[in-house]
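Please read the structure below before turning to the comments.
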Amino acid sequence: MSEQYELPYAIRRWTFDRFLIIELHGEIDILVAAANSDLLAGQDLDRQPDVVVDLTAVTFIDCSGLGVLCQLANRLRRRGRLLRLVVADSFTLKVLRATRLTEVFLIHDSLSAALSHSDGAAEVPAS
């Protein structure tokens, strides 16, 4: 008998103005990455010029979750676009700093800040 396990995460995608906003909720770990290799893919990525991934409701992220974000950033970069992250949690920000991904992503401390920066400037929350 196969055991069913409900993964502790949710994804919500919506658009606002020229932005595709992807909200991640819960734990983004190896189980989520393995079950959703195209977690952040979709045709809507090609329709909206700017992509924001909101991590404010993420309670845990591991290297597999970061890998999915890096894949998305690389996909967008090949199209001349940037990925913006919204990070309000100090743990998630520490993980991004420890892995030096703060040099890769445009990081904002709120969704409104990410949506208001159209020039590529990023705000990294203080440590």
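Predicted model only: the values in this text are computed from it and were never measured.
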Can you find a pair of side-chain heavy atoms, one from Thr99 and one from Leu66, that are under 4.5 Å apart?
-> yes
Asp109 and Ala113: which non-hydrogen atoms are nearest, and at how many Å?
-> OD1-CB, 3.9 Å
What's the shortest heavy-atom distance between Val87 and Leu55, and which atoms?
-> CG2-CD1, 4.0 Å
Counterpart residues, side-chain hydrogen bond (donor to acceptor under 3.5 Å, both in side chains), relative to Ser110 (two or more places apart) | Ser112
side-chain contact (heavy atoms from CB on, under 4.5 Å) involving Thr56 - partner list, sequence neighbours excluded | Asp54, Val86, Ala88
Residues in side-chain hydrogen bond (donor to acceptor under 3.5 Å, both in side chains) with Asn74, at least two apart?
-> Arg77
Pick one: which of Asp50, Val53, Thr15, Leu115 meets side-chain contact (heavy atoms from CB on, under 4.5 Å) with Ile21?
-> Leu115
Say you draw a straight line from CZ of Arg12 to NE2 of His25; how long is it, rounded to the nearest 0.5 Å?
-> 7.0 Å
Any side-chain heavy-atom pair from Leu96 and Val104 closer than 4.5 angstrom?
-> no
Rounding to 0.5 Å, atoms OG (Ser64) and CD1 (Ile28) come to a distance of 11.0 Å
Atom CD1 of Ile11 and atom CG of Leu24: how far apart are they, to the nearest 0.5 Å?
-> 6.0 Å
Looking only at atom types and distance, does a side-chain atom of Asp29 sit under 3.5 Å from a main-chain N or O of Phe60, one as donor and one as acceptor?
-> no
Atom CG in Leu76, atom CD in Gln71: separation rounded to 0.5 Å?
-> 12.0 Å
Of all residues at least two apart in sequence or in a different chain, which pass the salt bridge (charged side-chain N to carboxylate O under 4.0 Å, His left out) check with Arg78?
-> none
Locate the shortest heavy-atom distance separating Leu69 from Leu83; write the atom from each residue and the value.
-> O-CD2, 3.7 Å
Nearest 0.5 Å please: distance from the OG1 atom of Thr102 over to the CG atom of Leu93.
-> 7.5 Å
Considering non-hydrogen atoms only, spot the tightest contact between Val52 and Ala114 and give its length.
-> CG1-CB, 4.1 Å
Under the side-chain contact (heavy atoms from CB on, under 4.5 Å) rule, collect the residues that match up with Cys70, sequence neighbours excluded.
-> Leu101, Phe105
Which atom of Trp14 lies closest to which atom of Glu23, heavy atoms considered | NE1-OE2, 2.9 Å
